[in-house]
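To keep things clear, I will list the structure first and then write my remarks on it.
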Amino acid sequence: MVTVVSHPLVQHKLSVMRDVRTGVKEFRELAGELSLLLAYEAMRDLELAPERLSTPITDADFPMLSGKKLALVAILRAGLVMTDAITQLVPAAKVGHIGLYRDPETLAPVAYYNKLPADIAERRVFLTDPMLATGGSASAAIAFLKEAGATTIKLMCILAAPEGIAVIERDHPDVEIVVAAVDSHLNDHGYIVPGLGDAGDRIYGTK
Ligand SMILES: O=P(O)(O)OC[C@H]1O[C@H](OP(=O)(O)OP(=O)(O)O)[C@H](O)[C@@H]1O
Ligand SMILES: O=c1cc[nH]c(=O)[nH]1
Ligand SMILES: [Mg+2]
């Protein structure tokens with residue numbers, strides 16, 4: 001299942017990120033802001049349970065988060081800016097990191113790091129990566145999470161290509177995707193068109 005967050009604030013911020021004139025500082029800030037808005041949508045179905053509390057006026061039952069605890073997992077590098085932002089909303093969430101880069105020739109994901117919370121199997125996982133292009137990186141990351149025992153996984157991306165969505169739906173039909181926009185297609189180098197360029201390079205200023 002794919003949820004496209006069509007809220008005007010999300011769409012405006014994404015358009016500014018796409019603009020080639022947007023510099024590193026603003027791009028990184030916008031990626032963080034968009035991540036909060038995507039998380040608001042992705043976490044819409046978190047469970048609540050009534051808890052007895054005292055206001056200054058009286059005692060009553062009020063909704064508090066219940067159910068599985070949360071884990072945020074970043075696909076390095078670019079997913080890091082998303083988990084960093086989202087911890088503002090859910091400070092008790094544990095954070096995992098999966099290091100993957102895409103081989104520029106084959107476009108296949110290459111794994112170089114993997115550090116997940118020990119109790120990942122008991123947590124609801126929100127996997128972050130700004131870009132879902134061929135889907136190879138996200139599919140490999142989800143496979144790592146499942147090997148580690150995770151059963152409830154949502155993938156949060158800023159931008160996706162139809163090709164990447166199709167790969168996740170094929171490899172991991174149980175994983176929901178929350179994204180700000182789905183673009184037209186991939187170019188011959190595996191970049192999303194019209195896209196926003198290389199997210200990692202634009203976040204960290206490495207090009
Ligand atoms: O869907 P895919 O075709 O796998 O492409 C998407 C991946 O490419 C980018 O990472 P990149 O390989 O550039 O690594 P980086 O974040 O370290 O720059 C992006 O952040 C995704 O992880
Ligand atoms: O368009 C793309 C595709 C993969 N990775 C990116 O950062 N951008
Ligand atoms: Mg990159």
Side-chain angles (χ1 to χ4, degrees), residues 1-46 70 72-91 93 95 97-102 104 107 109 126-138 141 154-168 175-207:
M1 196 178 82
V2 181
T3 302
V4 178
V5 183
S6 58
H7 192 288
L9 288 176
V10 170
Q11 295 307 311
H12 176 83
K13 287 176 191 294
L14 174 57
S15 297
V16 180
M17 287 181 77
R18 291 178 186 277
D19 189 332
V20 70
R21 297 168 300 182
T22 299
V24 170
K25 178 174 184 288
E26 195 182 1
F27 189 93
R28 191 189 299 139
E29 287 169 356
L30 286 163
E33 291 164 19
L34 261 180
S35 302
L36 295 179
L37 296 167
L38 293 176
Y40 176 81
E41 184 60 39
M43 295 182 180
R44 183 177 285 285
D45 60 354
L46 293 186
L70 310 184
L72 309 175
V73 177
I75 299 180
L76 305 179
R77 287 176 297 172
L80 209 47
V81 78
M82 299 181 71
T83 51
D84 279 353
I86 298 166
T87 53
Q88 291 173 53
L89 291 181
V90 285
V95 182
H97 300 88
I98 296 175
L100 287 171
Y101 70 87
R102 202 169 71 148
L107 303 183
F126 293 86
L127 176 65
T128 67
D129 192 332
M131 308 302 276
L132 179 64
T134 66
S137 302
K154 271 196 197 185
L155 173 62
M156 298 174 51
C157 303
I158 291 177
L159 204 51
E163 294 90 328
I165 288 174
V167 164
I168 301 302
V175 172
E176 285 181 36
I177 304 170
V178 177
V179 65
V182 180
D183 273 6
S184 164
H185 64 281
L186 297 176
N187 68 16
D188 292 343
H189 305 288
Y191 279 88
I192 298 174
V193 181
L196 51 71
D198 188 301
D201 284 339
R202 292 195 69 188
I203 289 165
Y204 295 110
T206 42
K207 214 166 206 174

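Remember, predicted model here, so these are calculated numbers, not experimental data. In what follows, residues are counted from 1 in the order of the sequence shown.
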Closest heavy-atom contact between [X] and [Y]?
{"X": "Ile86", "Y": "Ser35", "answer": "CG1-O, 3.8 Å"}
{"X": "Pro130", "Y": "Ile203", "answer": "CG-CD1, 4.4 Å"}
{"X": "Ile168", "Y": "Ala138", "answer": "CD1-CB, 3.8 Å"}
{"X": "Ile192", "Y": "Ala160", "answer": "CD1-C, 4.1 Å"}
{"X": "Leu100", "Y": "Pro109", "answer": "CD2-CB, 4.3 Å"}
{"X": "Ser184", "Y": "Pro162", "answer": "O-CG, 3.4 Å"}

Got [X] and [Y] here, is their nearest side-chain heavy-atom distance under 4.5 Å?
{"X": "Phe126", "Y": "Met82", "value": "no"}
{"X": "His97", "Y": "Leu80", "value": "yes"}
{"X": "Thr3", "Y": "Lys154", "value": "no"}
{"X": "Val175", "Y": "Leu127", "value": "no"}
{"X": "Val167", "Y": "Thr134", "value": "no"}

For this session: Could you walk me through whether Val73 and Val95 pass the side chain to side chain contact (heavy atoms under 4.5 Å, CB included) test, one step at a time?
Result: CA-CA 6 Å; Val73 177; Val95 182; over 6 Å; no
Any donor-acceptor N/O pair, [X] side chain to [Y] backbone, under 3.5 Å:
{"X": "Thr128", "Y": "Gly79", "answer": "yes"}
{"X": "Lys13", "Y": "Glu33", "answer": "no"}
{"X": "Glu41", "Y": "Val179", "answer": "no"}
{"X": "Gln11", "Y": "Ala180", "answer": "yes"}
{"X": "Arg102", "Y": "Gly190", "answer": "yes"}

Return the [atom1] to [atom2] distance between [X] and [Y], rounded to the nearest 0.5 Å.
{"X": "Leu196", "Y": "Tyr191", "atom1": "CG", "atom2": "OH", "answer": "11.0 Å"}
{"X": "Glu26", "Y": "Asp19", "atom1": "CD", "atom2": "CG", "answer": "8.5 Å"}
{"X": "Leu89", "Y": "Leu36", "atom1": "CG", "atom2": "CG", "answer": "5.0 Å"}
{"X": "Ile165", "Y": "Met1", "atom1": "CD1", "atom2": "CE", "answer": "12.5 Å"}
{"X": "Arg202", "Y": "Lys207", "atom1": "CZ", "atom2": "NZ", "answer": "12.0 Å"}
{"X": "Met156", "Y": "Leu72", "atom1": "CE", "atom2": "CG", "answer": "8.0 Å"}

For this session: Using distance alone, with no hydrogens and no angle criterion, decide if Arg77 and Thr206 have a side-chain donor and acceptor under 3.5 Å apart.
Result: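 There is such a pair (donor and acceptor under 3.5 Å, judged by atom type) between the side chains of Arg77 and Thr206.
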Exercise. Under a 4.0 Å N-O cut-off, is there an ion pair linking Arg28 with Asp84?
Worked result: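 No salt bridge links Arg28 with Asp84.
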Exercise. What's the verdict on side chain to side chain contact (heavy atoms under 4.5 Å, CB included) for Leu37 and Val5, showing C-alpha distance, side-chain angles and the deciding distance?
Worked result: CA-CA 9 Å; Leu37 296 167; Val5 183; 5.8 Å; no
Problem set entry | Results of side chain to side chain contact (heavy atoms under 4.5 Å, CB included) for Ser6 - residues two or more places apart only |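 For Ser6 there are no side chain to side chain contact (heavy atoms under 4.5 Å, CB included) partners, ignoring immediate neighbours.
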Exercise. So Met17 and Leu34, side chain to side chain contact (heavy atoms under 4.5 Å, CB included) or not? Walk me through it.
Worked result: CA-CA 10 Å; Met17 287 181 77; Leu34 261 180; 3.5 Å; yes
Exercise. With a cut-off of 6.0 Å (strictly less than), are more than 12 heavy atoms of other residues, nucleotides or ligands near OH of Tyr204?
Worked result: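 Yes - once you tally the heavy atoms of other residues, nucleotides and ligands closer than 6.0 Å, there are more than 12.
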For this session: Mark yes when over 12 heavy atoms from residues, nucleotides or ligands other than His185 sit less than 6.0 Å from its NE2; otherwise mark no.
Result: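 Yes, NE2 of His185 has more than 12 neighbouring heavy atoms, counting only those of other groups under 6.0 Å.
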